[in-house]
Amino acid sequence: MSATTAPQAHLALIDGFRGAYSLEGYWELLQLVQNSVITAAVLGLMGGIIGLFISLRRAGLVVHGIAEISFAGAALALLIGIDVVAGSAVGAVAAATLIGILSIKERDVSAVTAVIMPFGMGLGILFLHLYQGRSANQFGLLTGQIVGVDDIQTRTLVTGAVLISCALVLIWRPLLFASVDPELAAARGVRISAMSIVFMVLLGLAVAMSVQVVGALLVLSLLVVPAAAALKVSRRPLTVVLLSMTFGVVSAVAGIMIAITGTIPVSPYITTISFLIYVVCLLIGRRQKAERP
C-alpha cells in the first residue's frame, strides 16, 4: 500500500465505524427491545446472587462446561422444532447434575468438567450442521439473541430467574457455609453432597437462562465476572452480592442499550463492559491493599 492510499484506507475505516452507529429513532428502538432490557436486568440480578457461590466454589470452569451442554440441548431443540429455552434448560440441568454426581465420587470437578465440555460442544456442532433453518438462529445460540426476546420468552426467563434467586436465598446460610468451609460444615451437620447437587441443579438452570443473553461461548461474563469483580473490592458476602448484582445489571442492560445503536451483536458489548468493570475493581482492590497499614 502506497503512502497516499494508507491515509485514505484509515479514513475509510473510521467512516465505516462511525456509519455502523446511529441514534436516529433511538427511543422507538428502545421501546421495541423493552422485553430484552427487563430480561437482562433480572438475569443480571440472578447472576449476581449465584456468582458469589460460583467464585467461592471456584466453579468457573464448571459454568463453561454446563454452557456447552446447554448449547447442545438448545441446538437439538432448534433441530427438532421445539422451544429453544426448554432445550437449553434440559441440557444444562442434565450436565450440572451429572457433573455434581461424578465430582462427588471422583473428588475432581475440573477433570469431570473437562471430559464433558468437548462432548457437549461436539453434539451442539452436529445438531447445528443438521439444522437447515436460518443461519442467524445458529449464530444466536453461540453469541446470544436477547434483542429478539418475545413476550413468552420474557415471562419464561424472568420467572426462571426469580425462582432460582428465591431458591438461593432460602438455602443461603447452609450453602454459604458449605462453600466456605465444607469440612467444618459437614461436622456441623450440613449435608454437603445433597447441598452440592442442589446447587449444581440451580447453576444449570442459571446457565440455561444466561445463555439466552450472551450465548454459550460468553456466558462467563454474566455469571462469573461480576462476582469476581466484586470480590476484588470486598469480602463481605452481602456487599459482594449487592455489588455483583449491580455489575451484572449494568453490563447486561448497558450492553443492550448500546447495541441497538448499531449492527454489532449485543454480546461483545456485555462482555466488554463486564471486563472493564473487573479491571476498575482490580485497580481499586490493589489500591486498598496498598493503603492498609
Side-chain angles (χ1 to χ4, degrees), residues 35-57 59-60 62-71 73-74 77 83-100 144 146 149 152-179 194-216 218-228 230 237-238 240-253 270 274:
N35 282 345
S36 303
V37 173
I38 294 171
T39 303
V42 175
L43 291 177
L45 293 173
M46 176 202 68
I49 298 174
I50 201 169
L52 170 64
F53 299 105
I54 294 172
S55 296
L56 291 176
R57 289 171 171 264
V62 176
V63 173
H64 192 48
I66 295 173
E68 294 194 357
I69 302 293
S70 175
F71 158 67
D83 184 64
V84 173
V85 177
S88 176
V90 170
V93 171
T97 305
L98 181 61
I99 292 173
I146 189 68
V149 172
I152 296 177
Q153 289 175 321
T154 298
R155 287 194 293 269
T156 301
L157 293 173
V158 169
T159 301
V162 170
L163 291 176
I164 292 169
S165 301
C166 291
L168 288 169
V169 171
L170 289 175
I171 63 173
W172 177 272
R173 290 178 64 86
L175 181 58
L176 183 62
F177 195 10
S179 300
M195 192 60 60
S196 296
I197 296 298
V198 171
F199 171 71
M200 292 299 291
V201 171
L202 293 174
L203 179 58
L205 291 171
V207 170
M209 302 296 103
S210 301
V211 162
Q212 309 306 313
V213 180
V214 290
L218 305 172
V219 69
L220 295 176
S221 66
L222 200 59
L223 292 183
V224 176
V225 179
L238 182 58
V240 170
V241 168
L242 292 176
L243 286 175
S244 181
M245 291 167 66
T246 301
F247 297 157
V249 171
V250 169
S251 299
V253 173
I270 295 176
S274 186

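All values reported here derive from a predicted model rather than from experimental measurement. Just so you know, residue 1 is the first one in the sequence shown, and it goes up from there.
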Q. How far apart are the closest heavy atoms of G91 and I69, and which atoms are they?
A. O-CG2, 3.1 Å

Q: Measure the spacing between CG of L203 and CD1 of I54 and express it to the nearest 0.5 Å.
A: 5.0 Å

Q. Which residues pass the side-chain contact (heavy atoms from CB on, under 4.5 Å) test with A92, sequence neighbours left out?
A. I66, S70, A208

Q.
Apply side chain to side chain contact (heavy atoms under 4.5 Å, CB included) to residues L202 and M46 and explain how you reach the verdict.
A. CA-CA 11 Å; L202 293 174; M46 176 202 68; over 6 Å; no

Q. Which value, rounded to the nearest 0.5 Å, describes the distance between L243 atom CG and L238 atom CG?
A. 9.5 Å

Q | Non-neighbouring partners of S244 that pass side chain to side chain donor-acceptor pair (under 3.5 Å), sequence neighbours left out | A | none

Q. L56: what forms a side-chain contact (heavy atoms from CB on, under 4.5 Å) with it, not counting sequence neighbours?
A. L52, L176, S179, V180

Q | Partner set under ring-ring contact (aromatic ring centres under 6.0 Å, His included) for F199, not counting sequence neighbours | A | none

Expected list for residues 245-252: side-chain donor-acceptor pairs under 3.5 angstrom, two or more places apart:
{"unit_1": "T246", "atom_1": "OG1", "unit_2": "L242", "atom_2": "O", "d": "2.9"}
{"unit_1": "S251", "atom_1": "OG", "unit_2": "F247", "atom_2": "O", "d": "2.8"}

Q.
Would the distance check show the side chain of S274 and the main-chain N or O of S221 forming a donor-acceptor pair, the cut-off being under 3.5 Å?
A. yes

Side-chain polar contacts of residues 156-171 - donor-acceptor pairs under 3.5 angstrom, sequence neighbours left out - could you list them?
{"unit_1": "T156", "atom_1": "OG1", "unit_2": "I152", "atom_2": "O", "d": "2.9"}
{"unit_1": "T159", "atom_1": "OG1", "unit_2": "R155", "atom_2": "O", "d": "2.6"}
{"unit_1": "S165", "atom_1": "OG", "unit_2": "A161", "atom_2": "O", "d": "2.9"}

Q. Looking only at heavy atoms, what is the nearest atom pair of A227 and V240, with distance?
A. O-CG1, 4.4 Å

Q: Would you mind telling me which of V93, I99, L98 makes a side chain to side chain contact (heavy atoms under 4.5 Å, CB included) with M200?
A: I99

